[in-house]
Number of protein chains: 2
Amino acid sequence: MSPRPNVSDERKAQILNAAEQVFNKKGFDLARMDDIADKTGLSKGTLYLYFKSKDDLIIAILERIFQGVFRQLERREGDELSATEAVSQFTEAAIRDYKRMLHIIPVAYEFLALAFRNKTVQKALKQYFRHYMDVLVPMIQRGIDSGEFRQVDPQEVAIAAGAIYEGTVLLWVYDSTLIDMERHIRSSIRLLLEGIQVPA
Amino acid sequence: MSPRPNVSDERKAQILNAAEQVFNKKGFDLARMDDIADKTGLSKGTLYLYFKSKDDLIIAILERIFQGVFRQLERREGDELSATEAVSQFTEAAIRDYKRMLHIIPVAYEFLALAFRNKTVQKALKQYFRHYMDVLVPMIQRGIDSGEFRQVDPQEVAIAAGAIYEGTVLLWVYDSTLIDMERHIRSSIRLLLEGIQVPA
DNA sequence: ATACTATAACTGACCGGTCAGTCATGTATT
DNA sequence: AATACATGACTGACCGGTCAGTTATAGTAT
């Protein structure tokens with residue numbers, strides 16, 4: 001048996017949590033390994049027992065975030081609902097996601113800037129977006145087939161919806177006093193849906 | 001008379017152009033003052049004759065960008081058009097703006113991340129967004145008053161449109177092969193407008 | 001024309017602070 | 001004793017910013 005219990009997983013999570021907070025507060029570059037060490041209550045040397053570099057730490061954080069988002073996206077449901085209701089439920093799930101992720105938004109935008117310079121990041125974003133489209137496009141297509149929606153291009157509608165989700169978060173960053181993320185995502189999607197519904 | 005002609009304005013522009021390129025390519029922190037100096041063909045010392053720090057340089061770049069956008073926003077026209085046409089023209093202007101700004105998008109996202117940590121940046125963004133709303137909300141209100149649009153909340157519609165503009169750019173960053181910025185901004189705004197128009 | 005002067009424009013070696021990453025040493029557990 | 005875990009002082013590369021010195025040019029004097 002080991003002379004000491006294996007604490008590797010706890011330590012890693014503990015370090016990632018601290019690092020996430022520090023990165024959010026200061027940004028990648030201004031975040032010091034010493035800051036993260038202080039936050040965990042461990043020493044800097046110990047960080048390097050569990051992560052071999054600062055980059056390694058960042059990558060691990062981003063992976064953890066994307067894993068969460070993918071899990072959420074993959075939970076498809078509501079095939080028995082009307083297309084409007086299905087999109088609305090999807091929207092509610094998206095809102096829950098965004099609210100859960102509010103605290104890592106600063107890192108997320110730094111990550112976006114990085115996308116222009118890093119192939120791996122580009123791939124992750126592309127994959128995330130395709131996932132999203134794979135869920136939403138068929139949902140809209142079903143609405144068209146059932147006569148609930150007009151003859152629109154389902155991909156264009158899905159892109160409009162995606163733009164509304166992501167864009168509302170951005171507007172909220174611009175001015176959080178004027179934008180209520182939850183309310184405005186909901187109202188914008190409602191306007192979009194009303195535009196494609198076949199009048200009763 | 002001066003022993004040498006004043007080249008201050010040309011130099012500043014020259015340095016800002018070079019800095020913009022380098023910041024876009026490497027990001028703010030990885031960009032070296034020496035890189036910028038090399039790009040201009042001037043020496044590092046000369047940069048400091050015109051800008052007192054690296055921060056000063058990035059601030060000047062962002063100011064230049066915002067000035068351009070404000071100039072665009074303030075050019076109101078089209079009071080004699082239908083509201084739909086006015087919004088469409090505004091959209092075309094926005095598309096032109098975005099296309100013109102494509103090359104500084106990486107810096108823009110770094111700037112957004114900064115918004116969470118910097119009051120000045122927060123103020124600039126807020127101002128930008130208010131400007132935008134000040135133009136678009138009355139445009140939509142006019143459509144409602146004239147009976148062209150349904151009784152919707154004009155602010156909600158303006159926010160939806162703003163989210164579409166900004167969000168489409170973001171989706172394009174995610175996957176530039178799937179998103180045609182110009183086409184998808186246009187189609188999404190069209191869907192939105194169709195949703196608020198009073199049926200003929 | 002030529003030489004001289006004043007000064008704006010420019011240069012680049014250098015300084016000093018910073019910080020990611022290392023490692024010799026120590027401690028707790030079995 | 002053996003092993004896993006932990007420490008924090010230390011190192012050295014790096015880079016923003018400085019400044020003593022150099023160069024170019026417009027005007028002036030001869």
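All chains are named by letter (A, B, ...) in the order of the sequence lines, taking the proteins before the strands, and each is independently numbered beginning at 1.
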Please determine if [X] and [Y] form a salt bridge, counting it only when a charged side-chain N lies under 4.0 Å from a carboxylate O.
X: A:Asp9; Y: A:Lys12; answer: no
X: B:Arg190; Y: B:Glu194; answer: yes
X: B:Glu182; Y: B:Arg186; answer: yes

So [X], base contact, sugar-phosphate only, or nothing? Heavy-atom distance under 4.0 Å.
X: B:Lys44; value: base
X: A:Leu42; value: sugar-phosphate
X: B:Tyr50; value: sugar-phosphate
X: B:Ala37; value: nothing

Check every atom of [options] against the side chain of [X] and return the nucleotide holding the closest atom.
X: B:Arg32; options: C:dC10, D:dG16, C:dC19; answer: D:dG16
X: B:Ser43; options: D:dA6, C:dG12, C:dC19; answer: C:dG12
X: A:Lys54; options: C:dG21, C:dC10, D:dG16; answer: C:dG21

Can you tell me the distance, in whole Å, between the [atom1] atom of [X] and the [atom2] atom of [N]?
X: A:Met33; N: C:dT22; atom1: CE; atom2: P; value: 10 Å
X: A:Tyr48; N: D:dC5; atom1: OH; atom2: P; value: 19 Å
X: A:Asp35; N: C:dC19; atom1: CG; atom2: P; value: 8 Å
X: A:Leu49; N: C:dG21; atom1: CG; atom2: P; value: 14 Å
X: B:Leu30; N: D:dC14; atom1: CG; atom2: P; value: 12 Å
X: B:Asp38; N: C:dG12; atom1: CG; atom2: C1'; value: 12 Å
X: A:Asp34; N: C:dG21; atom1: CG; atom2: P; value: 12 Å
X: A:Lys26; N: C:dT18; atom1: NZ; atom2: P; value: 12 Å

Residue pair B:Gln14 / B:Arg11, side-chain donor-acceptor N/O under 3.5 Å: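 Side chains of B:Gln14 and B:Arg11: pair found under 3.5 Å.
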
Nearest heavy atoms of A:Thr40 and A:Ile15, plus distance in Å: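 It is CG2-CA, 3.8 Å.
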
Residue-phosphate contact under 4.0 Å: B:Thr46 side-chain N/O, C:dA9 OP1/OP2: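 False: B:Thr46 side-chain N/O out of range (4.0 Å or more) of C:dA9 OP1/OP2.
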
